[in-house]
Amino acid sequence: MSPHAALQALLHARHSCRAFRPDPVPQDTIAQILLDAGRAPSWCNAQPWKVTVTSGAETDAFRATMAQAFDSGAPAPDYPFPETYTGAHQKRRRTCGMQLYEAVGIGRGDRDARAQQMRENYTLFGAPHVAVISCPKELGPYGVLDCGGFITAFCLSAKAQGIGTVPQAALSLFSDVVRRHFDIAEDYNMLAAISFGFPDDAAAINTFRTERAALDEFVDWRG
């Protein structure tokens, strides 16, 4: 297989994993994923990402903290969430949600079941590990852009090594809670997290796949 074909296969195979086996990922595998992700391009090679990685009891403690925040906390994100979704963005968001709920048998009007499924974000979908990504405040949106590249590279490296991932902006809804839990420096913003581990391929929620837009939906051809 050519390098391009291998990359294409990896890009098409990657998906957001929402059910994991409890087995821990070997430390050397996690280290390799992080090293690979660190090859992501960044403005002036600043490499602004700061990563906190948990295993074992540390993951469980964070899981409990975030579940409690969801149950009783007040949202306090470091970065503003989208004001609204319209047009194609709204359609894609709704389709993704519908596919997720259908995969786990949640009816359209079952608000309690939907809320419980949302809560799964805050129990890390049962993952044995989480990587929390924070970004220097002083770098503004361009630091965030660089960290997005790191997250993408992390997910692709993990997939190449048989590890499932799910990037989670949801956890940043309670950035203040995450900051206190991990004692994140005040000059950094909490951006997102990646829950990861060996995927539970038998879980229904891991069976659906989202579609991708055709070129003409997002490319403005000139010349």
Side-chain angles (χ1 to χ4, degrees), residues 6-7 9-40 47-67 69-70 96 99-100 103-104 117-135 144 146-175 177-179 181-182 184 188 190-210:
L7 176 60
L10 189 60
L11 287 166
H12 284 266
R14 188 218 62 82
H15 67 97
S16 291
C17 179
R18 294 181 176 88
F20 298 87
R21 293 171 11 213
D23 320 56
V25 177
Q27 186 76 18
D28 59 346
T29 301
I30 298 175
Q32 188 59 63
I33 292 170
L34 291 164
L35 287 170
D36 291 346
R39 300 299 304 179
Q47 303 174 59
W49 40 82
K50 183 75 171 180
V51 190
T52 302
V53 180
T54 69
S55 301
E58 289 288 341
T59 303
D60 291 334
F62 182 57
R63 197 190 324 273
T65 293
M66 296 313 298
F70 177 78
C96 179
Q99 288 179 302
L100 188 154
V104 293
Q117 182 58 50
M118 173 62 73
R119 191 178 187 273
E120 291 295 309
N121 280 280
Y122 298 92
T123 59
L124 316 179
F125 297 106
H129 306 280
V130 68
V132 173
I133 316 297
S134 51
C135 181
V144 173
D146 291 341
C147 288
F150 177 91
I151 291 170
T152 298
F154 184 107
C155 293
L156 291 175
S157 175
K159 181 62 181 178
Q161 298 178 75
I163 307 302
T165 59
V166 56
Q168 294 179 263
L171 298 184
S172 67
L173 194 63
F174 301 100
S175 294
V177 176
V178 179
R179 182 185 304 286
H181 186 89
F182 291 119
I184 294 173
Y188 275 73
M190 190 269 163
L191 175 61
I194 310 168
S195 293
F196 66 99
F198 292 103
D200 181 356
D201 294 326
I205 201 167
N206 281 338
T207 60
F208 82 95
R209 297 291 183 270
T210 54

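Just the heavy atoms: all of them, side chains too, but no hydrogens, waters or symmetry mates, feed the values below.
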To the closest 0.5 Å, what do you measure between [atom1] ([X]) and [atom2] ([Y])?
{"X": "D200", "Y": "R18", "atom1": "CG", "atom2": "CZ", "result": "14.0 Å"}
{"X": "T54", "Y": "D60", "atom1": "OG1", "atom2": "CG", "result": "8.5 Å"}
{"X": "N206", "Y": "F20", "atom1": "CG", "atom2": "CZ", "result": "7.5 Å"}
{"X": "L35", "Y": "I30", "atom1": "CG", "atom2": "CD1", "result": "12.0 Å"}
{"X": "F208", "Y": "H15", "atom1": "CZ", "atom2": "NE2", "result": "9.5 Å"}
{"X": "F125", "Y": "S16", "atom1": "CZ", "atom2": "OG", "result": "8.5 Å"}

Within 6.0 Å of CZ in R39, more than 12 heavy atoms from elsewhere: no

Heavy-atom count check: over 12 atoms from other residues, nucleotides or ligands less than 6.0 Å from E58 CD? no

So, the side chain of [X] versus the backbone of [Y]: is there a donor-acceptor pair under 3.5 Å, distance only?
{"X": "Q168", "Y": "N121", "answer": "yes"}
{"X": "T29", "Y": "V25", "answer": "no"}
{"X": "Q99", "Y": "R209", "answer": "yes"}
{"X": "Y122", "Y": "A64", "answer": "no"}
{"X": "D146", "Y": "P48", "answer": "no"}
{"X": "R63", "Y": "T123", "answer": "yes"}

To check you understand the geometry: which heavy-atom pair defines the closest contact between [X] and [Y], and what is its length?
{"X": "M66", "Y": "L171", "result": "CE-O, 3.8 Å"}
{"X": "R21", "Y": "P128", "result": "O-CD, 3.8 Å"}
{"X": "G162", "Y": "P199", "result": "O-CD, 3.5 Å"}
{"X": "P167", "Y": "C155", "result": "CG-SG, 3.6 Å"}
{"X": "I163", "Y": "F196", "result": "CG2-CD1, 4.1 Å"}
{"X": "G38", "Y": "F150", "result": "N-CE1, 3.8 Å"}

Would you say that [X] contacts [Y] through its side chain, given a criterion of any heavy-atom pair below 4.5 Å between the two side chains?
{"X": "V177", "Y": "T65", "answer": "yes"}
{"X": "P24", "Y": "S55", "answer": "no"}
{"X": "M118", "Y": "F70", "answer": "yes"}
{"X": "E120", "Y": "I205", "answer": "no"}

Could you tell me whether the side chains of T59 and H129 share a donor-acceptor contact shorter than 3.5 Å? no

Test side chain to side chain contact (heavy atoms under 4.5 Å, CB included) applied to S134 and L191, step by step: CA-CA 5 Å; S134 51; L191 175 61; 5.9 Å; no

Return the orientation label for the F182 and F62 ring planes: parallel under 30°, perpendicular over 60°, tilted otherwise. tilted

Does L100 form a side chain to side chain contact (heavy atoms under 4.5 Å, CB included) with Q117? I'd like the steps, not just the answer. CA-CA 9 Å; L100 188 154; Q117 182 58 50; 3.6 Å; yes

For T152, give me all partners under side-chain contact (heavy atoms from CB on, under 4.5 Å), at least two apart in sequence or on another chain. L156

Pair V132-V51, side chain to side chain contact (heavy atoms under 4.5 Å, CB included): steps then yes or no: CA-CA 5 Å; V132 173; V51 190; over 6 Å; no

Filter on side-chain hydrogen bond (donor to acceptor under 3.5 Å, both in side chains), then keep only pairs touching residues 154-163, sequence neighbours left out; what's left? D36-S157, S157-Q161

